[in-house]
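Below is one structure, written out as structure tokens; comments come after it.
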Protein chains: 4
Amino acid sequence: MGDGSERRDQIIVIARRLIAARGYSATTVRDIADEAGILSGSLYHHFASKEAVLQEILHGFQHDTLSAFERIAASGGSARERLDQLIEHAFLTIEQRPDDVRIYQNETGFLMTQPGFEFLADGAARIEELWLDQIMEGQETGVFRDTIDPRLAFRFIRDTVWSTVFWFRPGGSHTAASMSENYLDLLHHGMLTVEG
Amino acid sequence: MGDGSERRDQIIVIARRLIAARGYSATTVRDIADEAGILSGSLYHHFASKEAVLQEILHGFQHDTLSAFERIAASGGSARERLDQLIEHAFLTIEQRPDDVRIYQNETGFLMTQPGFEFLADGAARIEELWLDQIMEGQETGVFRDTIDPRLAFRFIRDTVWSTVFWFRPGGSHTAASMSENYLDLLHHGMLTVEG
Amino acid sequence: MGDGSERRDQIIVIARRLIAARGYSATTVRDIADEAGILSGSLYHHFASKEAVLQEILHGFQHDTLSAFERIAASGGSARERLDQLIEHAFLTIEQRPDDVRIYQNETGFLMTQPGFEFLADGAARIEELWLDQIMEGQETGVFRDTIDPRLAFRFIRDTVWSTVFWFRPGGSHTAASMSENYLDLLHHGMLTVEG
Amino acid sequence: MGDGSERRDQIIVIARRLIAARGYSATTVRDIADEAGILSGSLYHHFASKEAVLQEILHGFQHDTLSAFERIAASGGSARERLDQLIEHAFLTIEQRPDDVRIYQNETGFLMTQPGFEFLADGAARIEELWLDQIMEGQETGVFRDTIDPRLAFRFIRDTVWSTVFWFRPGGSHTAASMSENYLDLLHHGMLTVEG
DNA sequence: GATGAATGAGCCTTCATTCAT
DNA sequence: TATGAATGAAGGCTCATTCAT
């Protein structure tokens, strides 16, 4: 258990969609098994528990996201460019893996303290570190205004970006690119005109 | 059922705390009844169902919040001043009624489409209208930059403000006032320095 | 939960009979509930778990048995008389509460180390103490032969007496009294004739 | 199925250890297969069912034990000597094959009436016959006291001896030999001193 | 012989809800 | 207004067993 068979993958795909739509606790093992065309008990041939399915979804998503963030943080360019890239990557992730993001946003709060999900807190801390580095470097180099508590700034930005997953619908009037553009504009220059 | 007896109020108070902490579906009727010192079946003398308790909590909170927003939107001053006041009121609400806000943030998404909870969508729409009015008026009067989609701006702001309820802890290094101040600073002028 | 209602008592009585006949793990909650005329879930209104039913049966039985043993051990007479009375009481218990004894004999070994069943080991130790006191006092006063390890003697006696529950059937050719008589005769004088 | 391959033997050895330690119903086919390094389904290439494994363990043990008892019963010497030898052999068996004895003691009661396990009752009856012969011959020849019901005597002795398997631990203060010695001393002469 | 996948029946337990007293 | 007892539906999970490959 842990290697990826076809059924395993199929179950993960189904579970991801269902859990994103209904929430983890409202999604039953039977729901998942039904869609996979097997009996609910048979699911335990592939996963040790319902929780293990969730764990795998979250762990995979966190791993991918964190990897991308690490890569961006280690890349060249200014702090401002790197912060922009972090934000752009987040918007892109929301467009490409909305179910993962939704699950992460919905279930992570409660789960963080549960045994077996310690990696969530670790990952969140590492992400905060990576983003914060850019903000603080930007403030130190005089690119970012330093009147704002950098920790607050990070959380404001993080919450704004990830929350869009709950209402952003690709195919509507916006794309990940236009969302990034709008948000970065607002974040960079604020709402007020020069005269305002 | 609907008149306010002491027990009713007590039950609402307990339910609010419990649901905010554990989530609606993870809070059982027995949990609530236990803390109220009655048996779970007895709770049905005061409320028609578990859902009815949640309805009452959400309805009351939405009513108060909407009233305040209506008042602010109808008050004198510039669009910018009114938007600032809306934001300040939200931060104040988070400080004073965190459990209500948490429940609203956590449960509203799924509930919105459920029968009996239509008022949630109505209220959300009205709130969007009130806030949007200020943003658009600000853009029209040249106080706010108009390169940003006002609907996006509204949602960015709304999500940022309300999301703080999940990590803001009064008694720490920030108060509602300092949160407002930091956020308004960021929102007004953006992160970049003039040279940046 | 813990006070004795009628249903509670009825459930205990049914569970005792079933568990004695089939064993604890082979007896299902449904079996018990069915005989009580309720749904299996309703059993949880009276007991916290299936294990709690077993606990109550074993605890009650151990308490009664231990009390009787304490009383006998504290009574007047010689060590020999008291040992005889302990044995006679055990045979009487087997006659009157065979189901309790059977459960105790069958399930106690595994359960002893389980959380919630620590009282079993404590009780067993106290019983060994009480019986051993008589044997050792008898050896010291010269009534009992001292060539036998008293701890072994205790276990030989204990096992012999309690094991009879698996084949002794009241209404057959023996009663508790005749079993006692036969066993005490054998225990006192041994199998060999004087000439043997 | 029935011929002895290596895997078969290996499975029997593992099953014996596991069933002795946890009990038959608490030992799963998977437990056994895991330790054998195969999947649980593969076990069915060697045995028709979980029950068949138990059957083979019990049948083999009963056969060996019965053979030894037949040999002793047919040997020369007095009835007393033969009864002593039967007892000594039992203690030796407990020392050498404790798992077999434990399984026999634990599972035989319930199984005796099950289809496929009729041999258990047959064997038990034959053993009773062999032991009883010695006891009755001893009583008839005046070596054993005849005030005790010989059937009771047999069961008292049998239960005492076999029950020791649950607490006798080789390597402690006793060996099979010292257990035999102590028990035979008690059985022959009883607990009372001549004056007692 | 062994694997890997699945079955099907059953297990203990939870929980919102009902209702006679 | 409570209680106490029960319902009924469901939930996560276990396990002996089967069978195509």
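All values derive from a computational prediction rather than experimental measurement. In what follows, every chain begins at residue 1, and chains take the letters A, B, ... in the order their sequences are listed.
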- If you look only at pairs with a residue in residues 41-54 of chain B, which of them pass as a salt bridge (charged side-chain N to carboxylate O under 4.0 Å, His left out), with sequence neighbours excluded? none
- Query: Sequence neighbours excluded, which residues qualify as ring-ring contact (aromatic ring centres under 6.0 Å, His included) partners of C:F117?
  - Reply: none
- Task: State which residues pass ring-ring contact (aromatic ring centres under 6.0 Å, His included) with C:H59; sequence neighbours excluded, sorted by chain then number.
- Result: C:F119
- So which of residues 30-43 of chain C are in contact with DNA chain F, with a heavy-atom cut-off of under 4.0 Å? C:I38, C:L39, C:S42
Does [X] put a side-chain nitrogen or oxygen below 4.0 Å from OP1 or OP2 of [N]?
{"X": "B:H45", "N": "F:dA2", "value": "no"}
{"X": "B:Y44", "N": "E:dT17", "value": "yes"}
{"X": "D:H46", "N": "E:dA2", "value": "yes"}

Nearest whole angstrom, please: distance from the [atom2] of [N] to the [atom1] of [X].
{"X": "A:R8", "N": "E:dA5", "atom1": "CZ", "atom2": "C1'", "value": "14 Å"}
{"X": "A:K50", "N": "F:dG11", "atom1": "NZ", "atom2": "P", "value": "9 Å"}
{"X": "B:E6", "N": "F:dT1", "atom1": "CD", "atom2": "C1'", "value": "13 Å"}
{"X": "D:E51", "N": "F:dC15", "atom1": "CD", "atom2": "C1'", "value": "15 Å"}
{"X": "D:L18", "N": "F:dC15", "atom1": "CG", "atom2": "P", "value": "13 Å"}
{"X": "B:Q55", "N": "E:dA16", "atom1": "CD", "atom2": "P", "value": "16 Å"}
{"X": "B:D9", "N": "F:dT1", "atom1": "CG", "atom2": "P", "value": "12 Å"}

- Task: Could you check which residues of residues 20-29 of chain B get a heavy atom under 4.0 Å from DNA chain E? Sort them by number, please.
- Result: B:T27, B:T28, B:V29
What pairs with [X] under side chain to side chain contact (heavy atoms under 4.5 Å, CB included), at least two apart in sequence or on another chain?
{"X": "C:E107", "value": "C:I19, C:Y24, C:I103, C:L111"}
{"X": "B:D64", "value": "B:R97"}
{"X": "A:R17", "value": "A:I14, A:E35, A:D99"}
{"X": "A:S42", "value": "A:I38, A:L39"}

- Query: Under the 3.5 angstrom rule, does the side chain of B:R102 hit a backbone N or O of B:V165 as a donor-acceptor pair?
  - Reply: yes
- Note on the structure: Writing each nucleotide of DNA chain E 5' to 3' as (, ), [, ], | or . by Watson-Crick or G-U pairing under 3.5 Å yields .||||||||||||||||||||
- Sequence neighbours excluded, which residues qualify as salt bridge (Lys or Arg N to Asp or Glu O under 4.0 Å) partners of B:D31? B:R22
- Mind checking side chain to side chain donor-acceptor pair (under 3.5 Å) for B:S49 and listing every partner two or more places apart, or none if nothing turns up? none
- Message: Check this for me: A:F166, atom CZ, are more than 12 non-hydrogen atoms of other residues, nucleotides or ligands nearer than 6.0 Å?
- Response: yes
